[in-house]
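Comments concern the structure below.
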Amino acid sequence: MTNTIAILNTRAPFSHTNAKEALDVALITGTYEIPTSLYFSGDGVWQLINNQKPSELAVKDFLKTFAALEFYDIEEIYVDKPSLEQRGLAANFHIDNVTVLDELSFANSLKQHSIILSF
Amino acid sequence: MTTLHLIRESSSQKDFSTYISLVSTNDSIVLLDDGCYNANSHWLTKLNFKNLYVIERHASARAIPLGDNAKSITSDTLVDLICQHNNSITWN
């Protein structure tokens, strides 16, 4: 079976570099046409929430780059439902084609991949 | 399909709950480096994972008493474990 990469995001976007680094890795593997899927759980779900205004924090707004994912054929994007609920968040994301999965399907989907990088 | 989970950090500053939900019964968990500090932590022992290992040298270097919560292994055993599982997740 071909190697596929899953990138697991568990950190919020701005105070740590994990989120931006994860996105950079996704764009790199996407460039090399390695099948890449993105998974968001825990605080990682904050990266996708709509109406964020990073400019008010004087940080680079790398969230805009999420819109470029589809040009890299990265269309498998999953969010852990309990993580949203625990944070009182609705499934209102700044990108489309995001699939919200319950805990078990999220874990099973993630663990199908040969390589799992966690950020 | 089994996954090897690698814990390399103490849980004090971390929220491992999102990773705990990724563990299935036949997965294995290895405590290495600072992850050994979790060996006797209640959050881990109460989950009583079946296949829980700790790298003996990393734990003894840190004077961490090893009860029977986790099986002591060497780094060579870790290599075997990596080969026995389909993939691995590092708890970041």
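Values below: every heavy atom of this structure, side chains too, minus hydrogens, waters and symmetry copies. Proteins get letters first, then strands, A, B, ... in listed order; numbering begins at 1 in each. Keep in mind that what you see is a predicted model, and the values were worked out from it rather than measured.
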With the 4.5 Å side-chain cut-off for hydrophobic clustering, are [X] and [Y] part of the same group?
{"X": "A/I95", "Y": "A/F119", "answer": "yes"}
{"X": "B/V54", "Y": "B/L32", "answer": "no"}
{"X": "A/Y32", "Y": "A/L23", "answer": "yes"}
{"X": "A/L27", "Y": "A/F40", "answer": "yes"}
{"X": "B/V79", "Y": "B/I73", "answer": "no"}

(request) Kindly indicate whether the side chain of B/Y19, heavy atoms from C-beta on, has any atom under 4.5 Å from the side chain of A/S41. (result) no
(request) Report yes if the side chains of A/L110 and B/I89 come closer than 4.5 Å at any heavy-atom pair, otherwise no. (result) yes
(request) Hey, could you give me the OG1/OH distance between B/T18 and A/Y39, rounded to the nearest 0.5 Å? (result) 13.0 Å
(request) Look up atom CG in B/N86 and atom CD in A/Q112, then write down how far apart they are to the nearest 0.5 Å. (result) 9.0 Å
(message) Taking side chain as everything from C-beta outward and backbone as N, CA, C, O, which of these in A/T10 sits under 4.5 Å from a heavy atom of chain B? Side chain, backbone, both or neither.
(response) side chain
(message) So for A/L8, is it side chain, backbone, both, or neither that comes closer than 4.5 Å to the heavy atoms of chain B?
(response) side chain
(message) To check you understand the geometry: which heavy-atom pair defines the closest contact between A/A107 and B/S21, and what is its length?
(response) CB-O, 3.9 Å
(message) Taking B/L22's backbone N and O only, do any of them form a donor-acceptor pair with A/K111's side chain (distance below 3.5 Å, no angle check)?
(response) yes
(message) Any side-chain to backbone donor/acceptor pair from B/N87 onto A/H113? Under 3.5 Å, distance only.
(response) yes
(message) Suppose a student defines contact as a heavy atom less than 4.5 Å from any heavy atom of chain B. Which residues in residues 57-71 of chain A would they list?
(response) none
(request) Please say whether more than 12 non-hydrogen atoms of neighbouring residues, nucleotides or ligands are located less than 6.0 Å from CZ in B/R57. (result) no
(message) Between B/S24 and chain A, with a heavy-atom cut-off of 4.5 Å, which part of the residue counts as in contact: side chain, backbone, both or neither?
(response) both
